[in-house]
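Inspection log for the structure reproduced underneath, given as structure tokens.
One-based numbering, in listed order, for ligands and for the atoms of each. Just so it is clear, the structure is predicted and the values come from calculations on it, not from any experiment.
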Amino acid sequence: MSSATFDSVQAYESARETLIQQDRSLRLDYKRPPLTQDEAAADQYIRQLRAQEAKSVWGASHEDVPHPFPGMEFLTGKAIVEQTELFKLLKKMPKGALLHCHLDATVDAKVLLQLALEHPEIHVRANSPLASDCVRTALPEFKPIFSSDAKTTSSVCASSGYEAGSWVPIVKARESFDEALGGPEGFDKWVLSGLMINASEAYDTHNTIEKIWEKFISTFGVARGIIHYVPIFSKYIKASLLASIEDGISYIEPRIYFQDEFMCGVDGEVNVPHRQWLQMFDTVVQGLHAELANQGRQEEFVGARLIYSVGKTLTPEQLKWYTDDCIQLKQQFPHIMAGFDLVGPENISVPLKTYVPTLLEFNAKVKSLGLELPLILHAGETLGDGDEPDSNLYDAILLGTKRIGHGFSLAKHPELLRLCREGEILIEVCPISNEVLRLTSSMPMHPLPILINHGVHVAICSDDPCQWGSMGLTCDFYQVIASSEVTGLIMLGEMAKDSIVYSRMSDNDKTRAMTTWNRRWAAYVKELASLGRSTESQ
Ligand SMILES: O=c1[nH]cnc2c1ncn2[C@@H]1O[C@H](CO)[C@@H](O)[C@H]1O
């Protein structure tokens with residue numbers, strides 16, 4: 001490059017423009033074929049709307065939100081996000097595939113509570129009698145109980161003499177909830193706060209990665225007693241898939257948490273094995289295909305597959321049982337099992353390198369059996385720099401992971417960025433999750449633009465939408481687009497296409513998903529382009 005002397009300001013400006021284009025040349029929205037007219041107009045309109053709402057919405061004062069800004073802490077800014085026109089338009093966007101979410105965290109907490117209330121055999125208990133000083137911290141626990149000799153009472157409240165730990169039928173517990181604690185609505189609030197993370201926890205009382213993870217893990221314990229029960233599980237899966245479909249997602253690939261070997265059956269016995277979980281999943285997916293076809297909506301849903309997941313608390317010997325179980329399930333349900341993963345709070349979990357012998361053995365067995373069952377690993381969900389959690393990225397890549405879950409610390413590793421770009425390893429980026437779980441204080445500090453600018457393939461994912469109250473992908477898409485000047489609608493489109501390409505659906509389904517996406521996208525940008533024109537003429 002020439003030194004800092006230029007013959008004219010014009011020459012300088014031309015050099016500046018060239019430098020910017022070179023700097024952005026790896027980005028997928030710069031490398032793609034030229035935009036159609038509608039795409040260009042839609043992109044323009046969205047950029048204009050974003051700039052306008054940055055002032056009119058984010059620049060205005062809001063009661064209860066002292067410092068609003070685009071991409072701010074989601075749990076504080078959510079109500080503002082949802083009132084923007086940009087959010088409403090993004091809601092209609094065809095999103096492609098959802099590649100990173102945990103099945104047990106994908107149904108709206110209110111819907112989950114409703115599912116429990118529809119089953120009077122579900123009982124609830126609290127670890128201390130509820131009174132105003134502990135209702136925020138005492139956790140509910142759920143379980144179906146049939147036997148009439150179980151010791152049950154009629155309230156979980158201290159005022160009714162509740163004994164900590166005894167089971168109460170859920171409907172009774174709700175009806176008898178102390179008026180001083182809000183009555184039945186107070187009960188709902190108590191349960192919802194056990195299933196979700198609220199702003200004051202994330203940004204105040206639990207404002208460190210370790211503390212927020214404690215709260216986060218507790219939410220799964222609350223949900224599990226409701227979800228892992230056969231009559232509810234099927235309804236739960238359907239609610240989960242529908243929540244995605246309603247948000248324009250046409251294929252879903254959730255992690256299913258298989259650490260518990262059994263779930264509770266219709267008779268209250270905890271003896272239903274993983275094979276039956278998958279049978280239920282298969283039945284729901286088939287039923288949904290038929291139902292949507294009847295409504296003429298078959299284009300909206302291509303299908304769903306599951307990634308087997310267990311926690312990084314296991315010993316390598318224990319892990320071996322699960323990898324074998326996963327292989328057996330793949331043989332029985334080749335069209336459902338998509339891969340294998342290890343999950344949990346990365347900073348305090350067993351490092352991947354401890355599992356290397358077991359995972360290499362798994363890979364070899366999968367290969368010798370001719371199965372399509374790759375590792376799709378979480379890695380780099382940390383702020384560490386060179387410590388064990390950060391170094392999990394090396395192991396994930398060497399172990400042949402097809403995608404990386406989170407990869408938050410990947411931006412620190414130039415060689416790994418290159419390997420991901422050239423080796424076509426897609427990063428499943430979960431913006432709101434990373435912010436709520438305190439890896440970043442807001443979206444402008446998130447490393448996503450570093451990945452995008454290096455030309456690494458990325459899919460935006462929701463991770464645990466129940467816990468943050470962000471069903472579908474629109475909230476995450478909003479946070480991404482609102483906090484960048486470069487990334488616009490076209491980049492969101494490129495990421496949606498990549499989510500299809502890097503999914504584990506069959507080749508046939510991929511072709512169908514891409515064809516449908518292209519059609520829906522063309523209609524979507526056309527609508528935005530004409531909205532843009534009508535706004536201009538006003
Ligand atoms: O963002 C995440 N990173 C790692 N593990 C997670 C994340 N979200 C949920 N889980 C883990 O998945 C299991 C439930 O399916 C939970 O054990 C939770 O720890």
For [atom], the protein heavy atom that lies nearest, with its residue and separation:
atom: atom 5 (N) of ligand 1; result: Gly344 N, 2.9 Å
atom: atom 1 (O) of ligand 1; result: Asp463 OD2, 2.6 Å
atom: atom 13 (C) of ligand 1; result: Tyr257 CD1, 3.7 Å

Self-check item: Distance flag, aromatic centroids of Phe408 and His446, threshold under 6.0 Å
Solution: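 Yes, the ring centres sit under 6.0 Å apart.
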Quiz item: Are Trp167 and Phe142 close enough that their ring centres sit under 6.0 Å apart?
Solution: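 No, the ring of Trp167 stays outside the 6.0 Å limit from the ring of Phe142, centre to centre.
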Quiz item: Going by an N to O cut-off under 4.0 Å, is there a salt bridge joining Asp324 and Lys365?
Solution: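 Result for this pair is yes, salt bridge flagged.
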Quiz item: Charged N to carboxylate O below 4.0 Å: is that the case for Lys353 and Asp395?
Solution: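 Salt bridge flag = no for Asp395 with Lys353.
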Practice problem: Determine whether the side chain, the backbone, both or neither of His378 has a heavy atom under 4.0 Å from any heavy atom of ligand 1. | Solution: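 Near ligand 1, His378 shows its side chain, while the N, CA, C and O stay back.
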Self-check item: Under-4.0 Å heavy-atom contact with ligand 1, by part of Phe408 that carries it
Solution: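 For Phe408, there is no contact with ligand 1 at all, from either part.
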Quiz prompt | Proximal ligand 1 atoms for Glu381, defined as those under 4.0 Å from one of its heavy atoms | solution =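 Numbered from 1, ligand 1 contributes 1 (O), 2 (C), 3 (N), 4 (C).
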Quiz item: Quick one: which ligand 1 atoms are inside 4.0 Å of a heavy atom on Asp104?
Solution: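 In order of number, 14 (C), 15 (O).
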Exercise. For Arg27 and His454, indicate whether the former's side chain and the latter's backbone hold a donor-acceptor pair under 3.5 Å.
Key: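 Not confirmed, Arg27 side chain does not pair with His454 backbone.
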